[in-house]
Amino acid sequence: MTVPSQARVAVVLKGWPRLSETFIAQEIAGLEARGVALEIWSLRRPTDKARHPVHDRVAARTVYLPEYLKDDPRRVLAGWAAARRLPGYPAARRKFLADLRRDPSANRIRRWGQALVLAAELPSSIERLYAHFLHTPSSVARYAATMRSLPWSVSAHAKDIWTSAPREIEDKLADCAWLVTCTRLGLERLQALAPDPERLKLVYHGLDLAHLPPPPIARPRRDGADGANPVIILSVGRKVEKKGYDDLLEALARLPAGLHWRFEHIGAGELSEALKAHANRLGIAARCTWHGAQPQKGVFAALARADLFVLASKTAADGDQDGLPNVLMEAAHQGLALVSTRAAAIGEFITDGNNGLLVPPGAPDALAAAMARLIGNPDLRRSLALRAGETVRTRFSYDAGVDWIAKALGQEPPADVRAAE
């Protein structure tokens, strides 16, 4: 019997598994498929009741750090007792205290406690740490890597780029071996703060097409004229401010009275009740279905029955904004026409009038006009969807990105791949 390889890479995540972070799960599965021996260290236990199939493809051991230090004081004290004897402990403590002076919060202390446990419990086989998100997971990875005198790297995404303090980003970029991020917009923001911009690389998430269901062969030619067969408008995303669901509801309420439509939403979030109440005030609650968080099977079933996909992203009051939501690519792969906004990095994928329609963020009237245009024109929906699907297949390679990350993590490609290079 073959003995499994010992893990060489510790992947530090905010939570595992999470329904809203399939892009992380598909990357980890892809790294394992390329031979990267890894294990997952999660700052939180899962809160979602369901899992995606991709989570079950990941074979890595998962270790959960104490989410709150008070919940497991013995483990935290044991971590401190072991970590303080590590050669890198004094340097890590200096970094933590500098961060604590700028951010004197319970959250900061919690990250230090988690890093103590991580540094103390990491197997001796671990050669490097790799964190997803530039905020809290990277803080834990940075402190622990310093204690263990190991290199660490990070994948930055959206909120972590736009809401983290610039000085903290600068310190992390000075420390990490390399960083990847999933949009050119985010890359440019980080390059402006980096002491060595060459260590930063753009890697789009893309889609692992081999593990997605095929798109429907054909879609109904609904045009909003038949009240018994309304156009189905779908959106998938967390119910948070930056997703713009308040604007989308306003736009739905402003659609011409003669158009027949139904709205479906998939996703959880803190604004759930507020959005339902808003739909009720607008008089459209009976035409809206809120499915909540769904596993991949439920998401793709909704994509298959929909006619139009809409995402009304915008910048939240605290500066949080999307990167390039993978769900837009999933919808395009499934043959859906797209309506979205010019917020964040969405324009890196959608070109207005070519493979979708874009409107200004926070503009319900423009959003309503774009939706009305596509609701009544199934031929335009089809042509935009075909070009969007082609964009996914030709410009957003999942394999190229995961190949680069695997190599950066020290995994050489197979001999047959090296011979072809």
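All figures in this text were calculated on a predicted structure; none of them were measured in a lab.
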Check: Tell me, do His291 and Thr289 make a side-chain contact under 4.5 Å, heavy atoms counted?
Finding: yes

Note to self: Assess, by modelled atom type and distance only, whether the side chains of Thr146 and Lys95 contain a donor and an acceptor separated by less than 3.5 Å.
What the structure shows: yes

Next item on the list: With the side chain counted from C-beta on, respond yes when Lys14 and Asp160 share a heavy-atom pair under 4.5 Å apart, and no when they do not.
Entry: no

Notebook entry, point to check: Under a 4.5 Å cut-off applied to non-hydrogen side-chain atoms, are Leu209 and His333 in contact?
Noted result: yes

Check: Do Gln114 and Trp112 get their side chains close enough for a donor-acceptor pair, meaning under 3.5 Å?
Finding: no

Notebook entry, point to check: Are side-chain heavy atoms of Trp261 and Leu252 found at a separation under 4.5 Å?
Noted result: yes

Notebook entry, point to check: Given Lys172 and Asp175, is the salt bridge (charged side-chain N to carboxylate O under 4.0 Å, His left out) satisfied, shown in steps?
Noted result: CA-CA 5 Å; Lys172 288 175 177 175; Asp175 266 10; over 6 Å; no

Notebook entry, point to check: Can you check whether His157 and Phe23 have ring centres sitting under 6.0 Å from each other?
Noted result: yes

Next item on the list: Show the numbers, then the answer: is there a side-chain hydrogen bond (donor to acceptor under 3.5 Å, both in side chains) between Gln26 and His205?
Entry: CA-CA 9 Å; Gln26 75 169 8; His205 295 309; 5.8 Å; no

Check: So with a 6.0 Å cut-off around CZ of Arg51, is the heavy-atom count from everything else above 12?
Finding: yes

Next item on the list: Could you check Ser105 against Asn107 for side-chain hydrogen bond (donor to acceptor under 3.5 Å, both in side chains), going step by step and ending with a plain yes or no?
Entry: CA-CA 5 Å; Ser105 66; Asn107 180 64; 4.8 Å; no

Checklist line | Smallest separation among heavy atoms of Thr351 and Asn355, with atom names | finding: N-OD1, 2.7 Å

Next item on the list: Start with the C-alpha distance between Asp307 and Arg219, add both sets of side-chain angles, then the distance that settles salt bridge (charged side-chain N to carboxylate O under 4.0 Å, His left out), and finish with yes or no.
Entry: CA-CA 7 Å; Asp307 300 291; Arg219 289 186 179 275; 5.9 Å; no

Notebook entry, point to check: Can you check side-chain contact (heavy atoms from CB on, under 4.5 Å) on Val58 and Trp16, steps first, answer last?
Noted result: CA-CA 11 Å; Val58 174; Trp16 175 266; 3.9 Å; yes

Next item on the list: Please step through ring pair (Phe, Tyr, Trp, His ring centres under 6.0 Å) for the pair Trp41 and Tyr130, ending with a clear verdict.
Entry: CA-CA 10 Å; Trp41 290 75; Tyr130 174 48; over 10 Å; no

Item checked: Arg75 vs Glu121, salt bridge (charged side-chain N to carboxylate O under 4.0 Å, His left out): CA-CA, chis, key distance, verdict -> CA-CA 10 Å; Arg75 190 177 175 200; Glu121 295 183 2; 2.9 Å; yes

Next item on the list: Show the numbers, then the answer: is there a side-chain contact (heavy atoms from CB on, under 4.5 Å) between Arg34 and Asp403?
Entry: CA-CA 8 Å; Arg34 286 157 176 77; Asp403 286 344; 2.5 Å; yes

Margin query: Counting neighbours of CZ on Arg184 that are heavy atoms of other residues, nucleotides or ligands and sit closer than 6.0 Å, is the number greater than 12?
Written below: no

Check: Taking all non-hydrogen atoms of both residues, which atom of Asp48 and which atom of Leu19 are closest, and how far apart?
Finding: OD2-N, 2.8 Å

Notebook entry, point to check: Is any side-chain heavy atom of Leu207 less than 4.5 Å from a side-chain heavy atom of Val392?
Noted result: yes

Notebook entry, point to check: Quick one: does Val310's side chain get under 4.5 Å of Leu234's, heavy atoms only?
Noted result: no

Next item on the list: Identify the two heavy atoms, one from Leu13 and one from Ile40, that lie closest to each other, and give their separation to 0.1 Å.
Entry: CD1-CG2, 3.7 Å

Note to self: Using a 6.0 Å cut-off, check whether atom CZ of Arg387 has over 12 heavy atoms from anything other than its own residue.
What the structure shows: yes

Notebook entry, point to check: So do the side chains of Leu43 and Phe133 get within less than 4.5 Å of each other, counting heavy atoms only?
Noted result: no

Notebook entry, point to check: Any idea which heavy atoms bring Phe309 and Ala331 closest together, and the distance?
Noted result: CG-CB, 3.7 Å

Note to self: Out of the candidates Lys314, Arg342, Lys243, only one should pair with Asp322 under the salt bridge (charged side-chain N to carboxylate O under 4.0 Å, His left out) rule; please name it.
What the structure shows: Lys243

Next item on the list: For the residue pair His265 and Trp290, categorise the inter-ring angle as parallel (less than 30°), tilted (30 to 60°) or perpendicular (more than 60°).
Entry: tilted

Margin query: As a quick check of understanding, evaluate side-chain contact (heavy atoms from CB on, under 4.5 Å) for Ile161 and Leu185, giving each step before the final call.
Written below: CA-CA 10 Å; Ile161 296 173; Leu185 182 69; over 6 Å; no

Note to self: Quick one: does any side-chain atom of His55 pair with a main-chain N or O of His52 as donor and acceptor, under 3.5 Å?
What the structure shows: yes

Checklist line | Student check: side-chain heavy atoms of Gln296 and Phe300 closer than 4.5 Å | finding: yes

Next item on the list: Give a yes or no on this: more than 12 heavy atoms of other residues, nucleotides or ligands lie within 6.0 Å of atom CZ of Arg287.
Entry: yes

Next item on the list: Can you spot which of Arg102, Arg108, Arg111 makes a salt bridge (charged side-chain N to carboxylate O under 4.0 Å, His left out) with Glu168?
Entry: Arg108

Next item on the list: Indicate whether any N or O donor in one side chain lies under 3.5 Å from an N or O acceptor in the other, for Lys159 and Ser164.
Entry: no

Check: Does any donor atom in the side chain of His132 or Glu27 lie under 3.5 Å from an acceptor atom in the other side chain?
Finding: yes

Checklist line | side-chain contact (heavy atoms from CB on, under 4.5 Å) assessment of Arg262 paired with Val231 | finding: CA-CA 6 Å; Arg262 190 173 83 244; Val231 166; over 6 Å; no

Next item on the list: May I ask you to check whether Trp152 and Tyr143 place their ring centers less than 6.0 Å from one another?
Entry: no

